[in-house]
Engineer: 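Got a structure here, written out as structure tokens. Questions coming.
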Amino acid sequence: MPATPCAWASHPRCSRCVTTATSTCSMSTPARSCGTRCARRLTAARRAPSPSSRTSSPGVAGESQTNAPAGGVGAAGGGAASAPRVRFAPSPTGYFHVGSARAALYNWLVARQSGGTFILRIEDTDAERNREEWAEGIVSALHWLGMDADEGPYRQSARSARYAEAIDLLWSAGNLYACDCTRDEIDARNKAAGIATPGYDGHCRDRGLERVGPDGAGRALRFAMPPEGTTTVADVIRGDVVFPHEAMDDFVVVKSSGAPLFVLANVVDDVDMAITHVIRGEDLLPTTPRGILVWQALGAAGWEPEAGGGYPGLPVFAHLPLLVNEQRKKLSKRRDPVAVEDYRDKGYLPEAFVNYLALLGWSPHDGRELFTAGELIEWFRLEDVNHAPAFFDVAKLTHINGEYIRALPVDEFIERCRPWTGGGAHGGGTGTPAAGAAPWPAGSFDDAAFARMAPLVQERVATLGEVPAMVDFLFLDEPPVDPGDWAKVVEGDEGAAQILEAARAAFGALEGGGAGGGSGSAFDAETLHRVTQELAESVGRKLAKTQGPIRVALTGRRVGPPLFESMAVLGRDRVLARLDAALDRLARSAPAGPPAG
RNA sequence: GCCCCCAUCGUCCAGUGGCCGAGGACGCCGCCCUUUCAAGGCGGUAACACGGGUUCGAAUCCCGUUGGGGGUGCCA
């Protein structure tokens, strides 16, 4: 097998690495990327068994098939010659999977960094997966992430005529044969043959069945595999992956209903849409050789792509490592938090989410972990993507989200909170939790009050969804008393009543803001801090221990934004009223009196 | 069963034959700061799966083992 040049078309000087497996790429920036990966691929290629077989099957020629360009970089699909055309091709499932989001991101990055086209194609050939709102959900999730498609969304369900053409063509060319075996029959034969869990045994391959049975029912159509030889997937991330044909069975390409299956529809679309780079999950790697065979069979049969311009060479492939859970298993929707919409609703910022997604399987050479989409586009390299599955770590996502929130200008932070605070109108599009998510009555939100608290809240939350609980005490008539906090910090503290009484007196002596009365001191954070400090000294406690009961009385919880600012925003009247109420409640629930003895 | 992929701290990455007595980040632990909680600062914990080989020298290259994962559908 000849040395294989790097298939990564956009790489300006990759052809330098072609010569031998030991040659070192001399390109300067970024130094490691090209030389290393190409070296990897070359060694992988050397490992591949040399093709030797020949076939007379109805399928395509049985020689070693590969998507590696034969004569140099420029031969790989349209990828090298023109701007890349990448596609994100999810099947609608009712929600947007984080793994899909990452695949979409990597595709989007390749398009953006190369002046290419990012195409969205909904793979809904399966009638069960064909709900309109599901497709809309994909579009809106992509929009939220800032990755709008340049083309599409195309719907496979709207392209059946095209698939029918391809099927007829392949049938005429002898690549397909009809099969009327049932799954049970196949299993029975395999079992009899002593094979545990096998594929199709080729039973109908030479029976010459018609596409339609005597009863008028359609038959499934299988692709006739070349019996010998191998097909090689030249993968940008993994190098050459060789699949012996003898280990692949004759796969079904058309259902008995006449509907096309994944490999067929997927390849027809990629050809028609002139896709140059196929970037998707590693779970599709084992089916890629099938797709390559179909791609080649279609070309050999004279298929004319919708896009025109002649039949395209194979696309460049890149199979991304899977995203896994703590059990190292593929993320499952049943037990793992995989819906992007849920993260959106919890208050994760799209830019933070994208940042984290990018880090799952890739990182810039300088070790930076926080970067803008623009920097990502500039630095990202598909060939630098890791090979091993990555654990989707919500804790780290959350940390990064917190970094992004804290970096926001306060004004923007306030705006971004609107979907959760309910105050004013918000721009729509990015927002999200269901309307009325805020825990207070619609009309009681006070923009000015929230604005005063915002800087303090901003540095205390890691997600926007945590914001309401930080400020709800300001917009509710009664503080939302946490039973546990009340029991521990107020009821459980023998000095609480004394502190509350003293606080009531000290704060009451301050002016409420208007003129007249009081000590002449304003009801502001600085003064409140000083007064509370004095109060603490008078009862012989530290400020930290003193503010506890007051905090719970006023805000209902023992943790929250700084107390004195909170009190200032609350205002003198409400502070005094809540202190009274707390004293009242304490008197009723826990009759005072020192414990005996 | 068969085919394929993968293997550095608990996690995500850095590492591409000597600069590695392995670096960063998240998490965790401790200290500092401090009106709670965060944030921030400082310090700490913790990994090259195993065995062979190649080499003067291997986390790095090769082979094998083990382990994990994916695929094996008239799903995608």
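Because the structure is predicted, anything quoted here is derived from the model rather than measured. Just so it is clear: chains get the letters A, B, ... in the order the sequence lines come, proteins before strands, and each one is counted from 1.
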Engineer: Looking at B/C4, B/G71, B/G69, which one has an atom nearest to any side-chain atom of A/Pro286?
Structural biologist: B/G71
Engineer: Show the distances under 3.5 angstrom between N or O atoms of the protein and N or O atoms of nucleotides 35-37 of chain B.
Structural biologist:
residue	atom	partner	partner atom	Å
B/U35	O2'	A/Gln547	OE1	3.1
B/U35	O2'	A/Gln547	NE2	3.2
B/U35	O2	A/Leu563	N	3.4
B/U36	O4'	A/Gln547	NE2	2.7
B/U36	O2'	A/Arg558	O	3.0
B/U36	N1	A/Arg551	NH2	3.4
B/U36	O2	A/Gly560	N	2.9
B/U36	O2	A/Gly560	O	3.2
B/U36	N3	A/Arg551	NH2	3.3
B/U36	N3	A/Gly560	O	2.5
B/U36	O4	A/Arg460	NH2	3.2
B/U36	O4	A/Pro562	N	3.0
B/C37	O2	A/Arg460	NE	2.8
B/C37	N3	A/Arg460	NE	2.9
B/C37	N3	A/Arg460	NH2	3.0
B/C37	N4	A/Arg460	NH2	3.1

Engineer: Taking only the C1' atom of each, what is the distance from B/G10 to B/C28 in whole angstrom?
Structural biologist: 9 Å
Engineer: Rounding to a whole Å, what distance do you find between A/Asp270:CG and B/A76:C1'?
Structural biologist: 13 Å
Engineer: Using a heavy-atom cut-off of 4.0 Å across all strands, would you classify A/Gly361 as base, sugar-phosphate, or nothing?
Structural biologist: sugar-phosphate
Engineer: Please report the distance separating the P of B/G73 from the corresponding atom of B/A14, rounded so that it comes out in whole Å.
Structural biologist: 35 Å
Engineer: Suppose we define a pair by two distances each less than 3.5 Å, Watson-Crick or G-U wobble; what does B/G23 pair with here?
Structural biologist: B/C13
Engineer: With rounding to whole Å, what would you report as the distance between B/G30 and B/C56 at their C1' atoms?
Structural biologist: 45 Å
Engineer: Checking A/Asp269 against A/Tyr154: is there a side-chain donor and acceptor pair closer than 3.5 Å?
Structural biologist: no
Engineer: Using the P atom on both, measure B/U66 against B/A58 and round to a whole Å.
Structural biologist: 25 Å
Engineer: Take atom C1' in B/A7 and the same atom in B/G21, then report the distance between them in whole Å.
Structural biologist: 24 Å
Engineer: If you measure from the C1' atom in B/C48 to the same atom in B/C6, how many Å do you get, rounded?
Structural biologist: 15 Å
Engineer: Looking only at atom C1', what distance separates B/C12 and B/A47, rounded to whole Å?
Structural biologist: 13 Å
Engineer: Measure from the side chain of A/Leu285, starting at C-beta and using heavy atoms only, and say which of B/C5, B/G70, B/C3 lies closest.
Structural biologist: B/C5
Engineer: A/Thr287 side chain: which of B/C26, B/A76, B/C74 is closest?
Structural biologist: B/A76
Engineer: Side chain of A/Ala395, heavy atoms from C-beta onward: which of B/C75, B/C26, B/C4 has the nearest atom to it?
Structural biologist: B/C26
Engineer: Base, sugar-phosphate alone, or nothing: which one does A/Ala388 contact when heavy atoms must sit under 4.0 Å apart?
Structural biologist: sugar-phosphate
Engineer: Out of B/C5, B/G69, B/G73, which nucleotide sits closest to the side chain of A/Leu322?
Structural biologist: B/G69
Engineer: To the nearest 0.5 angstrom, please state how far the CZ atom of A/Arg541 sits from the CD1 atom of A/Ile499.
Structural biologist: 3.5 Å
Engineer: Let me know the distance between NE2 of A/His319 and P of B/A76, rounded to the nearest Å.
Structural biologist: 16 Å
Engineer: So that I can tick it off, tell me whether A/Arg530 and A/Glu534 are bridged by a salt bridge, with the cut-off set at under 4.0 angstrom between side-chain N and carboxylate O.
Structural biologist: yes
Engineer: Any donor-acceptor pair under 3.5 Å linking the side chain of A/Arg557 with the backbone of A/Ala469?
Structural biologist: yes
Engineer: Would you tell me if any nitrogen or oxygen in the side chain of A/Thr125 comes within less than 4.0 Å of OP1 or OP2 on B/A76?
Structural biologist: yes
Engineer: Can you tell me how far P of B/C2 sits from CG of A/Asp250, to the nearest Å?
Structural biologist: 21 Å
Engineer: Which of the following nucleotides, B/C4, B/C75, B/A76, is nearest to the side chain of A/Ser91?
Structural biologist: B/A76
Engineer: Using the ring of each side chain (for Trp, its six-membered ring), is A/Tyr95 parallel, tilted or perpendicular to A/His97, with breaks at 30° and 60°?
Structural biologist: tilted
Engineer: Taking the side chain of A/Pro389 as its heavy atoms from C-beta onward, which of B/C4, B/C12, B/C6 lies nearest to it?
Structural biologist: B/C6
Engineer: According to the Watson-Crick and G-U wobble definitions, with both distances under 3.5 Å, which nucleotide is paired to B/C42?
Structural biologist: B/G30
Engineer: Any ion pair linking A/Lys191 and A/Asp187 (charged N to carboxylate O, less than 4.0 Å)?
Structural biologist: no
Engineer: Return yes if a side-chain donor-acceptor contact under 3.5 Å exists between A/Asn401 and A/Thr463, otherwise no.
Structural biologist: no
Engineer: Check this one for me: any side-chain N or O of A/His387 less than 4.0 Å away from OP1 or OP2 of B/C5?
Structural biologist: no
Engineer: Any carboxylate oxygen within less than 4.0 angstrom of a Lys/Arg side-chain nitrogen, looking at A/Asp482 and A/Lys488?
Structural biologist: no
Engineer: Could you check which nucleotide pairs with B/C50 in any of the strands shown, counting Watson-Crick or G-U wobble with both distances under 3.5 Å?
Structural biologist: B/G64
Engineer: Using heavy atoms to find the nearest nucleotide of RNA chain B for A/Val241 and A/Asp283 separately, return the residue whose nucleotide is more 5′.
Structural biologist: A/Val241
Engineer: Check whether any side-chain N or O of A/Thr398 sits under 3.5 Å from a backbone N or O of A/Val394 as a donor-acceptor pair, and report yes or no.
Structural biologist: yes
Engineer: Who does B/G18 pair with, Watson-Crick or G-U, both distances under 3.5 Å?
Structural biologist: B/C56
Engineer: Which is true for A/Arg557 with a 4.0 Å heavy-atom rule: it touches a base, it touches only sugar-phosphate, or it touches nothing?
Structural biologist: nothing
Engineer: Any salt bridge linking A/Arg558 with A/Asp485? Criterion: basic side-chain nitrogen under 4.0 Å from a carboxylate oxygen.
Structural biologist: yes
Engineer: If we call it a pair only when both distances are under 3.5 Å in a Watson-Crick or G-U wobble match, what pairs with B/C75?
Structural biologist: none
Engineer: Is any side-chain nitrogen or oxygen of A/Asn386 closer than 4.0 Å to OP1 or OP2 of B/A7?
Structural biologist: no
Engineer: Under a 3.5 Å distance rule, please check whether A/Thr555 uses its side chain to pair with a backbone N or O of A/Arg551 as donor and acceptor.
Structural biologist: yes
Engineer: Would you mind reading off the distance between A/Phe391 atom CZ and B/A47 atom P, rounded to a whole angstrom?
Structural biologist: 20 Å
Engineer: Starting at atom CG of A/Leu360, determine the distance to atom C1' of B/A25, rounded to an integer number of angstrom.
Structural biologist: 13 Å
Engineer: Look at the side-chain N and O atoms of A/Arg328 and state whether any lies under 4.0 Å from the OP1 or OP2 oxygen of B/C12.
Structural biologist: yes
Engineer: Using the ring of each side chain (for Trp, its six-membered ring), is A/Tyr348 parallel, tilted or perpendicular to A/Tyr343, with breaks at 30° and 60°?
Structural biologist: perpendicular
Engineer: Indicate, with a heavy-atom threshold strictly under 4.0 Å, whether A/Leu284 touches base, sugar-phosphate, or nothing.
Structural biologist: base
Engineer: As a test of reading the structure: which of B/C3, B/A76, B/C12 is closest to the side chain of A/Ala390, going by heavy atoms?
Structural biologist: B/C12
Engineer: What nucleic acid atoms does A/Phe243 come within less than 4.0 Å of, heavy atoms only: base, sugar-phosphate, or nothing?
Structural biologist: sugar-phosphate
Engineer: Name the orientation class of the two ring planes belonging to A/Phe353 and A/Phe392 (parallel below 30°, tilted from 30 to 60°, perpendicular beyond 60°).
Structural biologist: tilted
Engineer: Rounding to an integer number of angstrom, what distance separates B/C29 and B/U34 when you compare their P atoms?
Structural biologist: 22 Å
Engineer: Give the nucleotide from the list B/C74, B/C26, B/G73 with an atom nearest to the side chain of A/Leu261.
Structural biologist: B/C74
Engineer: Look at the side chain of A/Ser257 against the base of B/C74 and say whether a donor-acceptor pair falls under 3.5 Å; ignore hydrogens and angles.
Structural biologist: no
Engineer: Look at A/Arg406 and B/G40 and indicate whether a side-chain polar atom (N or O) is within less than 4.0 Å of OP1 or OP2.
Structural biologist: yes
Engineer: With the threshold set at under 4.0 Å for non-hydrogen atoms, list the residues of residues 329-339 of chain A touching RNA chain B in residue-number order.
Structural biologist: A/Lys329, A/Lys330
Engineer: From the list B/U11, B/A7, B/C3, which nucleotide is the closest neighbour of the side chain of A/Asp393?
Structural biologist: B/U11
